[in-house]
Amino acid sequence: MSRYEEAKKIYEGLGVDTEEAIKRAAAAPVSVHCWQGDDVTGFDSREALSGGIQTTGNYPGKARTPEELMADLDTAMSLVPGKKKLNLHASYAVFGDGDRADRDAIKPRHFDAWVDFAVKRGMGIDFNPTFFSHPMVKDGLTLSSPDEKVRRFWTEHGKRCLEISSYFAEKTGQPCVMNIWIPDGYKDIPADRTGPRKRFAQSLDEILSVPYDKSRVFVCLESKVFGIGLESYTVGSAEFCTNYVNTRKITPMMDNGHYHPTETVSDKISSMLLFNDRLALHITRPVRWDSDHVVLFDDETREIAREIVRNGLERVFIATDYFDASINRISAWVTGLRSVRKALLCALLEPSARMKELQDENRMTELMILGEELKTAPLGDVWEELLRREGVPSEYADRVLEYEREVLVKRV
Ligand code: RNT
Ligand code: ZN
C-alpha cells in the first residue's frame, strides 16, 4: 500500500474523506501578491517605498521590469499547487512608449500586459489602488488630507482603479477583488481624530459613487492599527473600517499583521461572517512590529484556515501579503503560498462536524484529545498526494537556487 493509501485509511478512521479534502484544498483560489517579487517597488515612479511599510534586506536578483517580474512569478507559480489569482497594485502599470499616466489618469490599457499574462494562465486578477510611494502623498496623508487638491487626486485614483477592476473582471471572466488601504496617520498624538476620518469616509463615498457591477467587483477596505512612523494614530482603524463597510455594504478586509500582537484574526472571522456576506483576508506573519514576514505553516495560519473552512471556504477571498527582501524572493513566494494551501488542506482533514458535536455536548476532554491526535495524523502524505496530482514537485530548494544561479544573480 502506498503512503497515501495508508494515510487515507487512517483519516477514514477519523471520519475524514481525503479525496474530498484534496479536491477542495486545490480548488480554493488564493490571490498571489505580485509585490513580493520587487520589494513593493512597482514600475510607475522612482519614489522610495512610503506609507509606514518597509522591506528590509538586499538579497540579489529583485525584478526590475515587468518581464522580469512575470518570469519570476511563472517560476514561483510552477512550484505552488492549486488555483491561483494574480494580485496587482496600481503602481505595477505597464506603460507603452509615450503613454505614461499619473495615478489619477491610469487606464485599463495600462494593464493589458497583465491581462494577457493572467488570461494565458487562466488566472483572475485582483487589484489594489496604490496610495503610497508618490509625491501627492502630502504630510503622510491621501484620502483624509485636509488639502482638497490632495484628496481630489487620490479620489480620482480610486475611481480609475474601480474602472480598471471592472475591466479585469470582464477580461478574465472572474470576479475582481479591489482592496483599498491607505497609509494615512500620525506619528504623534493628533489633536483632531475625527476630522481625518470624516474626510476619509467622504472620499470613499465619492469613489463608490461611480456605478459598478457589484456581482463582479468586490470593493474591500483594509484596516491597520499602526504603521512605521505612524505609531499614534491611523485614520483607517479597525472600528472605522468595520463600520464603514457595514453601512456601505462593501467587503471587509482583514490583514492578520494589522492587530495588536495578542489579537488573532482567526477569532474574528466568525463574527465578520455573521454580519457580512463575504470577507477578504491578507494572510501574512507578523513578527513584533513588522506585519509582513513570509507565511509559515504555523499555529495561527492553521487556525485561520480552520475558521475559513468552518465558515464557508467560498465566502472568503484569500490573498497573501508579505515582503521579505532578505532571502530568495521566489522561495518567499513559494513557501508562503504553500503554507496557506497546506493549512487549508490540514483544515479540510479535520472531522469538523464531530468536533462541533463534542463541543456542544460539552465533551471538552475528548475534544482536546482528538485535537492532539489530529496534530500527528499523516497530513504530509496527503499533501504529497495533492502535489503529485497538481504536477508540482515536492522539493523546491534546488529549483529555486538553480533559477537564482541562472537568472537572478545575473541581474546587476
Ligand atoms: C499595508 C497593507 C497593504 C500593503 C499592500 C502593499 O500595511 O497590508 O495591504 O501591504 O497593499
Ligand atoms: Zn495587507
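Just so you know, ligand 1 is whichever comes first in the structure, and atom 1 is the first atom listed for that ligand.
Judged by distance alone, the side chain of Tyr322 and the main-chain N or O of Trp333 form a donor-acceptor pair under 3.5 Å. Looking only at distances, a side-chain donor or acceptor of Thr130 sits under 3.5 Å from a matching main-chain atom of Ala90. Of the possible donor and acceptor atoms, one in the side chain of Glu263 sits under 3.5 Å from a partner among the backbone N and O of His260.
The Zn ion (ligand 2) lies closest to atom ND1 when only the N/O/S atoms of His282 are considered. Residue Glu222 approaches the Zn ion (ligand 2) most closely through its N/O/S atom OE2. Distances from the Zn ion (ligand 2) to each N, O or S atom of Asp255 single out OD2 as the nearest. Restricting Asp321 to its N/O/S atoms, the shortest distance to the Zn ion (ligand 2) is reached by OD2.
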Under the side-chain contact (heavy atoms from CB on, under 4.5 Å) rule, what do Glu384 and Arg3 come out as? Steps first, then yes or no, please. CA-CA 9 Å; Glu384 291 299 320; Arg3 287 177 64 143; over 6 Å; no

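No close placement of the His282 and Trp181 rings is indicated, their centers lying 6.0 Å or farther apart. Between Phe117 and Trp114, the distance separating the two ring centers is shorter than 6.0 angstrom.
Salt-bridge formation is detected for the pair Arg411/Asp72: a Lys NZ or Arg NE/NH1/NH2 atom is positioned less than 4.0 Å from an Asp or Glu carboxylate oxygen. Look at Arg389 and Glu19 and you find a salt bridge, because one of the NZ, NE, NH1 or NH2 atoms lies within 4.0 Å of a carboxylate O, short of that distance.
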Under 3.5 Å, N/O to N/O: give me all the pairs between ligand 1 and the protein, one per line with atom names and distance.
| residue | atom | partner | partner atom | Å |
| --- | --- | --- | --- | --- |
| ligand 1 | 7 (O) | Lys224 | NZ | 2.7 |
| ligand 1 | 7 (O) | His258 | NE2 | 2.9 |
| ligand 1 | 8 (O) | Glu222 | OE2 | 3.0 |
| ligand 1 | 8 (O) | Asp255 | OD2 | 3.0 |
| ligand 1 | 8 (O) | His258 | NE2 | 3.0 |
| ligand 1 | 8 (O) | Asp321 | OD2 | 2.8 |
| ligand 1 | 9 (O) | Glu222 | OE1 | 2.8 |
| ligand 1 | 9 (O) | Glu222 | OE2 | 3.1 |
| ligand 1 | 9 (O) | His282 | ND1 | 3.2 |
| ligand 1 | 9 (O) | Asp321 | OD2 | 3.0 |
| ligand 1 | 10 (O) | Asp321 | OD1 | 3.1 |
| ligand 1 | 10 (O) | Asp321 | OD2 | 2.8 |
| ligand 1 | 11 (O) | His89 | NE2 | 2.6 |

